[in-house]
K.L.:
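I am attaching a structure below and will ask some questions about it afterwards.
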2 protein chains.
Amino acid sequence: MIVLLLSLQLNVLKMDSLLSNIKIAVPDKIYIKDPESSDLGKRIIEHSIILIDEIGFDSFTFKKLGVRIGSNESSIYRYFESKHKLLLYLTSRYWAWVEYQLVFATHNVPDDNTKLTKAIEVITRTIKEDVTFTHINEVVLNRIVINEYSKSYLTKEVDSENKEGYFVLYKRLIRRLSEMITKVNKDYQFPSSLASTIVEGALHQHFLKSHFISITDCNDKVTPTKFFINLTQNVLNIKTNGSK
Amino acid sequence: MIVLLLSLQLNVLKMDSLLSNIKIAVPDKIYIKDPESSDLGKRIIEHSIILIDEIGFDSFTFKKLGVRIGSNESSIYRYFESKHKLLLYLTSRYWAWVEYQLVFATHNVPDDNTKLTKAIEVITRTIKEDVTFTHINEVVLNRIVINEYSKSYLTKEVDSENKEGYFVLYKRLIRRLSEMITKVNKDYQFPSSLASTIVEGALHQHFLKSHFISITDCNDKVTPTKFFINLTQNVLNIKTNGSK
DNA sequence: AATTTCATGATAGTATTACTATTATCTTTG
DNA sequence: CAAAGATAATAGTAATACTATCATGAAATT
């Protein structure tokens, strides 16, 4: 596992203490050659995100990406053995980034309930701006996750790929949320299912508000965040106090 | 729209009254030629369900299906213009079947809360036996929906296909559930989002309990049904009375 | 300065997919 | 019995998802 530094605007000290806690990493078997290790690799990541967003993962090919970045199909294959692995890589980085944001937003928050609420906010919000100034555009990557993430695990190879560790980031984020739920209400019987429902459900509600508005209440004003915070508060029997 | 009779063991009178209410139908543009209208058509449906379950939708091809049913690839193309349309057809029939079960299980139930609970049971349960004795195996079809349904709408063509009416059955089921939620609690602000979360979330929990057990509490004893009934009761502030 | 290494590029090739088109054959119905 | 309609067989196409080989150019090593 290679530790992957996310360049957020933090001072070094804070970053260090956070990183020692969470170790953001992408399982190294996902790629053949680390795309962060070269200029071409970074261009592959940057433009694959843009291309997949534009034409959809199904129509996306390494050949088209090659044309886009002025490079050769065969060169891209030296980094990723298939477009499926590329998707796995991109979405892993997304979940790693969300986990980082979650740890950052919730550390040093003393009240467990406020902490949970902040966690749900981070997980369910619409990403509006490209926070980091790297080759990865989080706004676009978020759209890809909404539109394509399910395809990365709805395969006949899930079980073997799960064993290889390709979904650790996703699962760890959900487990983190699950633990926060349990801290707020020790007697609640389904913390993991609630957590996985929030993470998956948020993606789904974001999708619905763009394509199936008749089966969601979410829109630009009523956000998935509001829906899931309200839901969680009710499910865990939290008395809403006046404070936001 | 051609009305599609589901051969359940019901007396004709009851069936008539139910059908007049719900009109179970598959949008006819989904297929080129109605597969119910011929023996070959029915074999296509029956064995496509089995084959997709066996090898997964991604590896499924009309050529392989042709070999399986001792027919020719080109003949299958006379019924469906693509395997994507076939998926749309199969899943539409699934949702139509669930809707039918839902209407059947909830009609004449006077108490709104009991009605909602029964509806959630129908939507979230594991299908254990092949109820009908047609060419469609609902147990296997249910597995296909769990593993492949998302792929039918996570495409660049969703909006145009939605306009063509390919997702009406799915949306109508969710709207039906949404209405039941509102009847139980008129003040609840997110009935549609709750309904879509239950339907999608149930599929997801079923998937998780087969492949990612560490992020769900569901298993053979703790069913997705229990989780979602408990969740809904809490979200809608329903006081649990002793009666089951 | 020569050489080895290494990353990338170019080209070719393969099996499969997702179809379309045409023609032949077989079955049903008038 | 003939015509119509359904199905089967065959061929063909462009694209996909790769693999393999060889060339080139730049950087690092000797």
Side-chain angles (χ1 to χ4, degrees), chain A residues 2 28-48 51-52 54-90 135 148 151-152 154-157 161, chain B residues 2 28-48 51-52 54-90 135 148 151-152 154-157 161:
Chain A
I2 288 170
D28 58 8
K29 278 202 169 175
I30 282 186
Y31 47 75
I32 297 169
K33 181 182 171 176
D34 185 2
E36 289 299 319
S37 71
S38 73
D39 186 66
L40 177 63
K42 285 174 199 152
R43 263 160 54 226
I44 289 172
I45 300 309
E46 180 181 359
H47 288 92
S48 64
L51 227 203
I52 291 172
E54 270 181 41
I55 64 176
F57 184 68
D58 299 334
S59 302
F60 171 85
T61 67
F62 282 178
K63 188 155 202 173
K64 289 174 186 169
L65 178 60
V67 172
R68 182 68 66 100
I69 61 177
S71 177
N72 199 277
E73 196 189 0
S74 61
S75 303
I76 301 168
Y77 275 104
R78 291 223 181 71
Y79 287 85
F80 295 98
E81 76 178 63
S82 64
K83 69 173 185 169
H84 176 248
K85 287 283 178 78
L86 209 209
L87 218 212
L88 249 18
Y89 177 85
L90 294 176
H135 48 290
E148 323 286 359
K151 296 171 191 169
S152 75
L154 295 178
T155 68
K156 282 282 165 186
E157 296 79 33
E161 293 191 344
Chain B
I2 286 169
D28 59 8
K29 278 203 170 174
I30 281 187
Y31 48 74
I32 297 169
K33 182 181 171 176
D34 185 1
E36 289 299 317
S37 71
S38 74
D39 186 66
L40 177 63
K42 285 173 199 153
R43 265 160 54 228
I44 289 172
I45 300 310
E46 180 181 358
H47 288 92
S48 64
L51 228 203
I52 291 172
E54 272 179 39
I55 63 175
F57 184 69
D58 298 336
S59 302
F60 171 87
T61 68
F62 281 178
K63 189 155 203 171
K64 289 173 187 170
L65 178 61
V67 172
R68 182 68 67 100
I69 62 177
S71 177
N72 199 279
E73 195 192 3
S74 62
S75 303
I76 301 168
Y77 275 104
R78 292 232 177 63
Y79 287 84
F80 295 98
E81 73 178 64
S82 64
K83 68 172 184 170
H84 177 246
K85 287 283 179 80
L86 209 209
L87 217 212
L88 249 17
Y89 177 85
L90 294 177
H135 49 289
E148 322 286 359
K151 297 171 191 169
S152 76
L154 295 178
T155 67
K156 281 282 165 185
E157 296 79 34
E161 293 191 345

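Since the structure is predicted, the reported quantities are computational estimates derived from the model, not experimental observations. Throughout, protein chains are lettered first and strands after them, A, B, ... in sequence-line order, and every chain is numbered starting at 1.
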K.L.:
Would you mind telling me which of C:dT20, D:dA17, C:dG9 lies closest to the side-chain atoms of A:Tyr77?
P.N.:
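My answer, after comparing the listed nucleotides, is D:dA17.
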K.L.:
Would you say C:dT17 has OP1 or OP2 under 4.0 Å from some side-chain N or O of B:Lys83?
P.N.:
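No, because none of the side-chain N or O atoms of B:Lys83 sits under 4.0 Å from OP1 or OP2 of C:dT17.
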K.L.:
Nearest whole angstrom, please: distance from the P of C:dT20 to the CG of B:Asn72.
P.N.:
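Interatomic distance, CG of B:Asn72 to P of C:dT20: 14 Å.
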K.L.:
Salt bridge between A:Asp58 and B:Lys156, side-chain N to carboxylate O under 4.0 Å?
P.N.:
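No salt bridge links A:Asp58 with B:Lys156.
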K.L.:
Whether A:Ser74 contacts C:dG9 is assessed here as follows: a side-chain N or O lying under 4.0 Å from the phosphate OP1 or OP2. Is that the case?
P.N.:
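No, A:Ser74 has no side-chain N/O under 4.0 Å of OP1/OP2 on C:dG9.
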K.L.:
Below 4.0 angstrom from OP1 or OP2 of C:dT17, is there any side-chain N or O of B:Lys64?
P.N.:
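B:Lys64 to C:dT17 OP1/OP2: side-chain N or O found under 4.0 Å.
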K.L.:
Nearest-Å distance, NE2 (B:His84) to P (C:dA18)?
P.N.:
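Value for this atom pair: 13 Å.
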K.L.:
If you go through the side-chain atoms of B:Arg78, does one of them form a donor-acceptor pair with the base of D:dG5 closer than 3.5 Å?
P.N.:
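Donor-acceptor pair under 3.5 Å: no.
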K.L.:
A quick test of your reading: do over 12 heavy atoms of other residues, nucleotides or ligands sit less than 6.0 Å from NZ of B:Lys63?
P.N.:
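Incorrect, the count does not exceed 12.
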K.L.:
Provide, to the nearest angstrom, the distance between the CD1 atom belonging to A:Ile32 and the P atom belonging to C:dA7.
P.N.:
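That distance rounds to 13 Å.
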K.L.:
Could you please name the option among D:dT16, C:dA18, C:dT8 that lies closest to any side-chain atom of A:Leu40?
P.N.:
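The nucleotide sitting nearest to the side chain is C:dT8.
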K.L.:
Rounded to the Å, how far apart are A:Leu65 CG and D:dA17 P?
P.N.:
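It is 13 Å, rounded to the nearest whole Å.
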K.L.:
For A:Lys63 and C:dT11, give me the distance from atom NZ to atom C1', rounded to whole Å.
P.N.:
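Answer to the nearest Å: 10 Å.
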K.L.:
Quick one: do A:Glu46 and A:Arg43 make a salt bridge, cutoff under 4.0 Å?
P.N.:
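Result for this pair is no, no salt bridge flagged.
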K.L.:
Please figure out whether A:Glu73 or A:Tyr79 has its closest DNA chain C nucleotide nearer the 5' end.
P.N.:
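Going by which nucleotide is closer to the 5' end, it is A:Tyr79.
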K.L.:
Work out which heavy atom in A:Phe57 is nearest to a heavy atom in A:Glu148; give both atom names and the distance.
P.N.:
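Between these two residues, the closest heavy atoms are N-OE2, 3.2 Å.
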K.L.:
For D:dT7, does either OP1 or OP2 sit under 4.0 Å from a side-chain N or O belonging to B:Ser38?
P.N.:
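Yes, such a contact exists.
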K.L.:
Nearest-Å distance, CZ (B:Phe62) to C1' (C:dT20)?
P.N.:
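About 14 Å, once rounded to whole Å.
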K.L.:
With a 4.0 Å cutoff (strictly under), does any side-chain N or O of A:Ser82 reach OP1 or OP2 of D:dA17?
P.N.:
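No, no such contact exists.
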K.L.:
For B:Ile76 and D:dA6, what is the distance between atoms CD1 and P respectively, to the nearest whole Å?
P.N.:
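Atom-to-atom, B:Ile76 to D:dA6, this comes out as 17 Å.
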K.L.:
In whole angstrom, what separates A:Phe60's CZ from D:dT16's P?
P.N.:
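Going from CZ in A:Phe60 over to P in D:dT16 covers 12 Å.
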K.L.:
Salt bridge check, B:Lys33 against B:Glu81: does any charged N sit closer than 4.0 Å to a carboxylate O?
P.N.:
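Between B:Lys33 and B:Glu81 there is no salt bridge, as every charged N stays at least 4.0 Å from the carboxylate O atoms.
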